[in-house]
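Working notes for the structure below.
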Amino acid sequence: MKNTFNNEKAQSSNGARAIIINVDDLGLSSAVNEAVIKLAEHGRIGASSYMTGGQITAAEIRTLADLNVDIGLHFDLTGIFPSDLQGSLRSLVITSYLRRLDSSQVTDIINRQLDGFEDIFGHAPVFIDGHQHIHQFPIIRQSLVKALNARYADGSKNPICARVTLPLVNDLKSWIIYSLGGRAWRKLCVENSIATNHYFGGVYGFDANFQKLAALWESWLTNAPRTNHLLPAMHSLPIDIESLGTYAQYGSTTPAIHSVPNALPSNLSPTLIMCHPAVPAANWQDDIKAAREREFEWLMSRQFEQLLQEYEVRLVRWSDITNNK
């Protein structure tokens with residue numbers, strides 16, 4: 001895919017904003033899945049979290065893999081996954097903070113969802129987050145880390161990344177989310193060598209029109225910190241290049257200079273901005289369906305692309321965190 005950033009401006013900056021744009025709720029509907037694919041095809045997103053038990057076709061999975069989209073587990077106790085603990089967010093907050101959740105029951109559900117993810121995608125999730133951020137609640141967070149370590153840790157670090165919710169901007173809803181176990185979850189990730197994002201954005205009331213979304217995204221991008229020696233770039237489609245970076249098809253040993261500006265520094269700690277887009281469709285319903293469709297319109301717009309360019313954003317993936325350690 002052609003990089004749409006202005007080359008002169010890219011070369012003049014040495015401190016782009018490293019940002020993961022992550023689409024939540026993959027599998028919730030075909031409209032969400034289609035939005036993820038279309039946005040990835042346009043280089044706007046590089047990650048999405050899948051709800052085990054959701055709907056996704058083999059063709060969609062192949063397309064996501066071809067587009068190099070990182071897929072994570074969107075751990076779910078308040079949405080579509082059937083379990084004895086399935087219920088409202090309010091009830092889960094109460095039972096977890098009163099320590100009335102059975103940790104063995106939580107662990108069983110975690111493993112069932114990880115098993116389901118692996119059965120669908122054929123590999124472990126690249127990262128973990130939670131539907132309505134439940135992954136950071138008491139008992140759930142401890143059970144989740146134990147399960148990840150038991151399944152995936154190699155003795156030095158856990159290769160799976162995780163979402164943390166340290167607020168990017170100083171708004172009430174972001175701080176409420178973070179207050180519900182966010183600090184303890186960050187500490188637990190550090191203690192267990194689980195790589196995470198740094199700041200977390202994308203929080204709003206799902207009541208924004210196109211103009212309001214533009215203002216929100218400008219606020220999030222303004223507050224996203226820069227990374228030294230990083231150049232701005234959109235996501236690009238994978239290109240087959242020999243391991244030594246030669247152009248074999250031309251019989252040349254010239255270094256792959258087109259890959260040089262895209263090099264990432266070690267110890268990358270990007271900002272994460274979540275989003276919830278869906279293409280317009282009449283065959284499904286959801287509490288925030290209208291907001292999802294407005295988000296899709298905004299994220300596909302030329303105005304959004306221009307905003308990324310203006311704020312010198314480098315779009316990265318979850319896998320870039322671990323690959324550059």
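Using a 4.5 Å heavy-atom threshold, the side chains of Val164 and Asn197 count as touching. At a threshold of 4.5 Å between non-hydrogen side-chain atoms, the residues Val203 and Met274 count as touching. Inter-residue side-chain proximity for Thr271 and Arg17 is flagged as unmet; no heavy-atom pair is nearer than 4.5 Å. Residues Leu39 and Pro277 are in side-chain contact: their nearest non-hydrogen atoms beyond the backbone lie under 4.5 Å apart. Counting heavy atoms from C-beta outward, His42 and Glu305 have side chains that stay 4.5 Å or more apart. With a 4.5 Å cut-off on side-chain heavy atoms, Leu166 and Thr196 do not count as touching. Looking only at side-chain heavy atoms (C-beta outward), Ser174 and Phe200 stay at 4.5 Å or farther from each other. Considering only heavy atoms from C-beta on, Ile20 comes within 4.5 Å of Ile321 through its side chain.
There is no path of hydrophobic side-chain contacts, each under 4.5 Å, that joins Ile94 to Ile139. Placement of Leu308 and Phe210 within a single hydrophobic cluster is found when ILVMFWY residues are connected by side-chain heavy-atom separations under 4.5 Å, directly or transitively. Hydrophobic clustering keeps Val190 apart from Ile128 (ILVMFWY residues linked when any side-chain heavy atoms are closer than 4.5 Å, directly or through intermediates).
Looking only at distances, no side-chain donor or acceptor of Asp70 sits under 3.5 Å from a matching main-chain atom of Arg317. Judged purely by atom type and a 3.5 angstrom limit, Asp108 has no side-chain atom pairing as donor or acceptor with the backbone of Ser104. Although no hydrogens or angles enter the test, the distance criterion places a donor-acceptor pair under 3.5 Å between the side chain of Gln113 and the main chain of Asp76. Remark: side-chain polar atoms of Asn192 are not paired, donor with acceptor, to backbone N or O of Ile194 under 3.5 angstrom. Distance alone, capped at 3.5 Å, is enough to place a donor-acceptor pair between the Thr107 side chain and the Ser103 backbone. With Arg44 contributing its side chain and Leu299 its backbone, the two residues share a donor-acceptor pair below 3.5 Å. In this structure a side-chain-to-backbone donor-acceptor pair under 3.5 Å is present from Arg226 to Gly15.
Applying the ring pair (Phe, Tyr, Trp, His ring centres under 6.0 Å) criterion to Phe304, with sequence neighbours excluded, gives Trp217, Trp298. In this structure, the side chain to side chain contact (heavy atoms under 4.5 Å, CB included) partners of Glu60, at least two apart in sequence or on a different chain, are Asn33, Ile37, Ile56, Thr57. Scored by the ring pair (Phe, Tyr, Trp, His ring centres under 6.0 Å) test, His131 finds His74 as partners (sequence neighbours excluded). Residues that satisfy the ring pair (Phe, Tyr, Trp, His ring centres under 6.0 Å) test with Trp175, not counting sequence neighbours, are Tyr178. The ring pair (Phe, Tyr, Trp, His ring centres under 6.0 Å) search around Phe137 returns none, not counting sequence neighbours.
The distance from atom CZ of Phe127 to atom OG1 of Thr322, rounded to the nearest 0.5 Å, is 12.0 Å. Summarising the geometry, atom CZ belonging to Arg186 is positioned 13.5 Å from atom CZ belonging to Arg141; distances are rounded to the nearest 0.5 Å. Atom CD1 of residue Ile71 and atom OG of residue Ser319 lie 10.5 Å apart, to the nearest 0.5 angstrom. In this structure, CG in Leu92 is found 7.5 Å from CG in Leu85, a value given to the nearest 0.5 Å. To the nearest 0.5 Å, atom OG1 of residue Thr227 and atom CD of residue Glu312 are 12.5 Å apart. The structure places CG of Leu148 at 8.5 Å from SG of Cys189, a figure rounded to the nearest 0.5 Å.
Between Ala16 and Leu231 the shortest heavy-atom distance is CB-C, 3.6 Å. Here the closest heavy-atom approach between residue Asp286 and residue Trp284 is recorded as CB-CZ3, 3.2 Å. Nearest approach of Ser269 to His198, heavy atoms of both residues: OG-CB, 3.2 Å. When all heavy atoms of Ser30 and Asn283 are compared, the closest pair comes out as OG-ND2, 4.1 Å. Counting all heavy atoms, side chain and backbone alike, Leu101 lies closest to Pro138 at CD1-O, 4.3 Å. Here the shortest heavy-atom pairing between Glu34 and Val279 reads OE1-CG2, 3.6 Å.
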Point to revise | Gln136/Thr165 under side-chain hydrogen bond (donor to acceptor under 3.5 Å, both in side chains): CA gap, chis, key distance, verdict | key: CA-CA 9 Å; Gln136 60 185 23; Thr165 57; 2.9 Å; yes
Review point. Yes or no on side chain to side chain contact (heavy atoms under 4.5 Å, CB included) for Phe81 and Leu77, after CA distance, side-chain angles and deciding distance?
Key: CA-CA 7 Å; Phe81 188 80; Leu77 292 176; 5.9 Å; no
Practice item. With side chain to side chain contact (heavy atoms under 4.5 Å, CB included) as the test, would you mind laying out the steps for Leu144 and Trp185 before giving the verdict? Key: CA-CA 10 Å; Leu144 187 54; Trp185 171 244; 3.8 Å; yes
Review point. Stepwise, does the side chain to side chain contact (heavy atoms under 4.5 Å, CB included) test hold for Ile109 with Phe75?
Key: CA-CA 9 Å; Ile109 296 170; Phe75 181 61; 4.1 Å; yes
Review point. After noting the C-alpha distance and the side-chain angles of Asp24 and Arg163, does the key distance pass the salt bridge (Lys or Arg N to Asp or Glu O under 4.0 Å) rule?
Key: CA-CA 12 Å; Asp24 287 12; Arg163 172 185 296 182; 2.7 Å; yes
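Environment of NZ in Lys289: crowded, with over 12 heavy atoms of neighbouring residues, nucleotides or ligands closer than 6.0 Å. Counting non-hydrogen atoms of other residues, nucleotides and ligands closer than 6.0 Å to CZ of Arg100 gives a total of 12 or fewer. The 12-atom threshold is not exceeded at OH of Tyr199, counting heavy atoms of other residues, nucleotides or ligands nearer than 6.0 Å. By the 6.0 Å contact criterion, NZ on Lys187 is open, its count of non-hydrogen atoms from other residues, nucleotides or ligands being 12 or less.
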Show me, pair by pair, the donor-acceptor contacts under 3.5 angstrom made by side chains of residues 116-125, not counting sequence neighbours?
unit_1 : atom_1 : unit_2 : atom_2 : d
Glu118 : OE1    : Arg151 : NH2    : 3.4
Glu118 : OE2    : Arg151 : NH2    : 3.1
Glu118 : OE2    : Tyr152 : OH     : 2.4

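Between Phe206 and His276, the two ring planes are perpendicular [angle over 60°; tilted spans 30° to 60°].
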